[in-house]
Amino acid sequence: QGWATAPLGQLAELNPRHLKELDDSLPISFARMAALSETKPEFEGDYTIVLFSLLKPLKESPDNLGKKLGDLILKKNTGFFSGYNIIKGFLNLSVKDDALTALLQKNYNDICFGKKSLSHKKVMVEYSSPNTNKPLHLGHLRNIFLGWSVSEILKANGNEVYKSSIVNDRGIHICKSMIAWQQFANGATPVSTNTKGDHLVGDYYVKFNDEYKEEVKELISQGIEKGQAEKEAPIMKKTQQMLLDWENGKPEVMELWKKMNGWVYDGFDITYKRLGADFDKTFYESNTYLLGKDFVQEGLNNGTFYTKDDGSVWIDLSDVGLDEKLLLRGDGTSVYITQDIGLVKQKFEEYNLDKSIYVIGDEQIHHMKVLKEICRKLGMPFADKIIHLSYGMVELTTGKMKSREGTVVDADDLIDEMVDTAKQHTEELGKVKDFTEEELKELYETLGLGAMKFYLLRVDPKKRMVFNPEESIDFHGFTGPFVQYTYARIRSILRKIGEPVSMVNGQWSMIADQKLFPLERELIIFLEKYSNVIAQAAEELNPSVIANYVFHLAKTFNSFYTEHSVANAESEEKKILRVHVAVMTSTVIKSAMQLLGISVPERM
RNA sequence: GGCCCCGUAGCUCAGUGGAUAGAGCAACAGCCUUCUAAGCUGUGGGUCACACGUUCGAAUCGUGUCGGGGUCACCA
């Protein structure tokens with residue numbers, strides 16, 4: 001098996017050093033440097049080698065080198081390429097029809113009957129990580145879809161993945177909801193008000209802010225200076241007292257805290273379940289916030305940390321371009337980053353991780369850099385295995401989302417809206433009138449969530465993105481439902497003519513010698529790329545690579561579908577070939593969409 | 001102010017050293033007696049923010065300018 005019979009993946013690059021021996025000794029490994037890519041549709045050929053970078057080291061003209069290389073490839077290959085052309089420094093190679101059919105067969109067996117590479121790294125992906133004082137919003141959705149999808153992509157590349165979440169369940173902001181509930185709710189519960197628990201608690205968090213603002217205004221009108229008023233507002237003083245009571249474990253406070261957090265978890269569970277999000281491990285900040293104090297002592301002992309006059313503990317990171325950072329307050333209490341260090345260590349030790357990925361917004365880039373640097377200075381061996389998968393904020397066309405100004409897009413509301421839009425579209429088209437209530441409900445969820453997940457995952461995670469709440473998310477074009485529709489169409493064909501049970505060799509030899517149409521060739525070559533796409537997505541921790549690929553695949557299939565009939569193909573051989581192309585397309589679509597957390601319907 | 005990210009069609013985004021810069025939406029014109037028209041085909045739409053540089057070749061790399069955002073908490 002020479003390199004020239006190998007598909008694109010193994011032919012990825014060519015190396016000028018080996019190319020120097022442009023003769024019979026040039027086999028497999030001359031493959032490192034000049035990119036082999038797909039030929040652009042406007043030129044003849046399937047794969048292209050760009051010759052320019054090879055010209056200088058080899059001291060050849062484009063035409064000479066192209067001819068030499070082209071001839072050599074044809075001579076060396078065992079039946080993969082049929083010919084080549086050279087245009088302005090580009091060597092375009094054409095693949096033989098029967099080689100493509102063989103390629104289809106190979107990939108069909110690999111993909112349809114499962115073949116997985118296994119790297120067996122242990123990876124933890126921490127995502128979602130909500131506060132328990134308000135419901136999930138659009139920003140969380142991007143985080144959740146991203147974290148979940150990256151986890152699945154890593155699994156598909158053979159890693160052992162633990163999905164985790166750290167719940168921010170303590171602190172002054174939690175007490176704010178609690179105080180407001182005590183003061184204004186008259187004992188209202190999710191059941192008594194028929195409200196989802198996280199929303200109920202969130203409402204009191206808003207109520208707190210309203211009341212607080214009122215009280216500050218009142219104090220200022222009495223002639224008290226602003227800064228002072230903000231400290232003196234009665235509701236704020238009560239809240240601070242409650243935080244102290246909580247830390248001292250005062251029974252009534254603990255009871256209220258457990259009760260209200262319980263409501264929130266019930267609410268989150270409903271949303272997570274609907275989204276298909278799941279976690280192998282949930283950490284609670286109430287359990288972890290005291291972690292990390294040990295390291296402070298350790299760091300002090302070995303001189304990494306130092307103490308200031310008031311007893312507070314610091315680290316100086318100015319040698320790596322960062323600032324001084326506080327690790328312990330003068331009163332001995334820890335800050336956020338101290339807890340983080342403790343949790344990092346716990347994670348790596350408990351799970352024996354090779355990598356720990358944090359899905360956190362890009363406003364915390366600095367924080368994560370500091371965390372990593374402190375771990376490094378403390379000599380922790382896993383410091384470099386901490387990876388911050390940062391993603392850009394979702395902005396609205398009307399500006400940023402701000403909870404205080406009521407411009408937050410609530411996750412549950414958005415899901416409902418998308419599912420409802422799916423319902424409207426489906427009813428208008430009227431294609432599934434025979435579905436039961438149950439089946440319809442499931443379809444609407446599949447389509448609505450599919451549209452939403454695809455919308456948020458098709459963009460490079462690192463980039464900020466804009467969401468227009470006025471226009472609902474589309475169901476046409478570069479969308480989840482478009483891809484889902486393509487899948488449903490293929491399933492429809494297969495229901496009609498029957499799915500091939502297995503592809504026995506006899507069948508393959510029967511179809512081996514056909515002349516292929518351009519769209520048939522294009523699909524086979526494009527399907528071939530799938531395993532590379534999964535690998536690339538894992539390497540970049542970027543689901544949008546998959547979203548772009550699967551859209552392009554669906555698009556190509558739809559063109560094929562319009563141009564060529566499967567069921568009424570012009571010959572039995574064509575029919576068999578096309579059925580297999582269709583099955584493989586549907587399998588890849590289903591697999592790719594699954595990696596994005598999107599399911600595909602049999603009919604829509 | 002220091003550091004980091006971003007600027008591509010009217011809008012939302014691909015493309016990060018190679019051929020004439022691509023999709024989707026929006027606009028316009030076609031295509032359902034034939035496997036699902038949530039589809040397909042076509043048209044119009046670009047100073048790739050700007051300038052200089054490196055290179056056979058730059059949206060892509062470098063420097064500078066302009067514009068937008070983030071961050072530099074005894075907040076989490």
Side-chain angles (χ1 to χ4, degrees), chain A residues 34-35 37 39-40 42-43 48 50-53 55-56 62 87-90 92 129 131 133 168 170-174 285 289 308 310 312-314 321-331 333-337 339-340 361-367 369-370 390 392-393 395 397 400 422 425-426 428-429 431-432 447 451 455 458-460 462-468 471 474-486 488-497 544-545 547-548 551-552 554-555 557-569 575 578-579 582 603-604:
Chain A
S37 54
T39 304
K40 299 219 168 197
E42 58 268 33
F43 298 97
T48 293
V50 181
L51 299 169
F52 293 107
S53 61
L55 299 179
K56 206 174 264 178
I87 302 170
K88 291 194 296 181
F90 294 85
N92 300 319
S129 306
N131 294 347
N133 63 340
N168 224 308
R170 64 161 282 282
I172 192 83
H173 52 301
I174 308 298
E285 204 193 292
Y289 83 110
K308 288 196 177 176
D310 63 353
S312 58
V313 178
W314 297 75
L322 301 165
D323 301 317
E324 270 189 318
K325 183 78 192 171
L326 177 95
L327 291 157
L328 215 55
R329 297 186 184 105
D331 64 5
T333 57
S334 63
V335 291
Y336 185 58
I337 198 141
Q339 306 164 29
D340 265 358
D362 61 8
E363 80 273 1
Q364 293 205 37
I365 287 175
H366 178 79
H367 173 84
K369 252 191 221 168
V370 170
S390 76
M393 296 287 105
E395 284 169 30
T397 37
K400 284 178 103 173
H425 282 297
T426 305
E428 274 166 29
L429 292 167
K431 292 178 185 176
V432 288
L447 297 177
Y455 181 86
R458 66 181 214 198
V459 181
D460 185 341
K462 287 188 282 298
K463 293 196 177 172
R464 289 199 307 272
M465 64 181 292
V466 179
F467 175 73
N468 187 347
E471 302 168 14
D474 222 306
F475 280 61
H476 303 270
F478 187 13
T479 68
F482 173 94
V483 180
Q484 289 170 319
Y485 176 69
T486 308
R489 269 178 148 185
I490 297 174
R491 298 305 296 166
S492 174
I493 298 173
L494 298 176
R495 268 195 304 277
K496 193 172 173 187
I497 64 178
S544 79
V545 171
N548 279 285
F551 168 69
H552 192 119
K555 181 95 186 138
F557 186 87
N558 283 330
S559 300
F560 164 80
Y561 178 95
T562 308
E563 186 88 8
H564 305 291
S565 178
V566 177
N568 301 312
K575 184 172 166 182
R578 287 179 192 161
V579 168
R603 292 176 56 195
M604 62 187 276

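Note that these values count all heavy atoms, side chains included, but never hydrogens, waters or copies made by symmetry.
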Practice task
Tell me whether Phe43(A) is stacked on the nucleobase of A19(B), counting only the six-membered base ring and applying the 5.5 Å and 30° thresholds.
Solution key: yes

Practice task
Look at all strands and tell whether Ile490(A) reaches a base, only sugar-phosphate, or nothing, counting heavy atoms closer than 4.0 Å.
Solution key: nothing

Practice task
Round to the nearest Å and state the distance from Glu42(A) atom CD to A19(B) atom P.
Solution key: 9 Å

Exercise for the section: Apply the test side chain to side chain donor-acceptor pair (under 3.5 Å) to residues Thr486(A) and Asn558(A): give CA-CA distance (whole Å), side-chain angles for both, the deciding distance (0.1 Å), then the verdict. Expected result: CA-CA 7 Å; Thr486(A) 308; Asn558(A) 283 330; 3.2 Å; yes

Exercise for the section: Nearest whole angstrom, please: distance from the P of G70(B) to the CE of Met393(A). Expected result: 10 Å

Completion exercise
Which of G39(B), C56(B), A14(B) is nearest the side chain of Lys463(A)? It is A14(B)

Exercise for the section: Select one nucleotide: of G68(B), U36(B), C25(B), the one nearest the side-chain heavy atoms of His476(A). Expected result: C25(B)

Problem - Integer angstrom distance from the P of G42(B) to that of G24(B) - result: 10 Å

Problem - Closest nucleotide among G70(B), C35(B), C13(B) to the Glu363(A) side chain - result: G70(B)

Problem - Nearest-neighbour nucleotide for the Met465(A) side chain, C40(B), C13(B), C72(B) considered - result: C13(B)

Completion exercise
Out of C74(B), A37(B), A19(B), minimum distance to the side chain of Ser312(A) belongs to C74(B)

Handout entry: Asp460(A) side chain, from C-beta outward: closest of C5(B), A14(B), C74(B)
Key = A14(B)

Completion exercise
Side-chain contact check for Arg329(A): nearest option of A76(B), C35(B), G24(B) is A76(B)

Practice task
Report the distance from atom CZ of Phe475(A) to atom P of G24(B), rounded to the nearest whole Å.
Solution key: 19 Å

Exercise for the section: Pick base, sugar-phosphate or nothing for Val566(A), based on heavy-atom distances below 4.0 Å to the nucleic acid. Expected result: base

Practice task
State whether the aromatic ring of Phe482(A) stacks on the base of G39(B), taking stacking to mean ring centres under 5.5 Å apart and ring planes under 30° to each other.
Solution key: no

Exercise for the section: Consider the side chain of Arg458(A), meaning its heavy atoms from C-beta on, and name the nucleotide among A37(B), C40(B), U12(B) that approaches it most closely. Expected result: U12(B)

Handout entry: Assigned partner base of C3(B), Watson-Crick or wobble definition, under 3.5 Å
Key = G70(B)

Exercise for the section: Please tell me which of Asp331(A) and Ile493(A) maps to the more 5' nucleotide of RNA chain B, matching each residue to the nucleotide holding its nearest heavy atom. Expected result: Ile493(A)

Practice task
Enter syn or anti for the glycosidic conformation of C66(B), syn applying to angles within 90° of 0.
Solution key: anti

Exercise for the section: Report the distance from atom OH of Tyr336(A) to atom C1' of A76(B), rounded to the nearest whole Å. Expected result: 6 Å

Problem - Ring center gap for Phe560(A) and Phe557(A) short of 6.0 angstrom - result: yes

Handout entry: C40(B) - base-pair partner by Watson-Crick or wobble geometry, distances under 3.5 Å
Key = G30(B)

Exercise for the section: May I ask whether Phe52(A) stacks on the base of G18(B), given the cut-offs of 5.5 Å between ring centres and 30° between planes? Expected result: yes

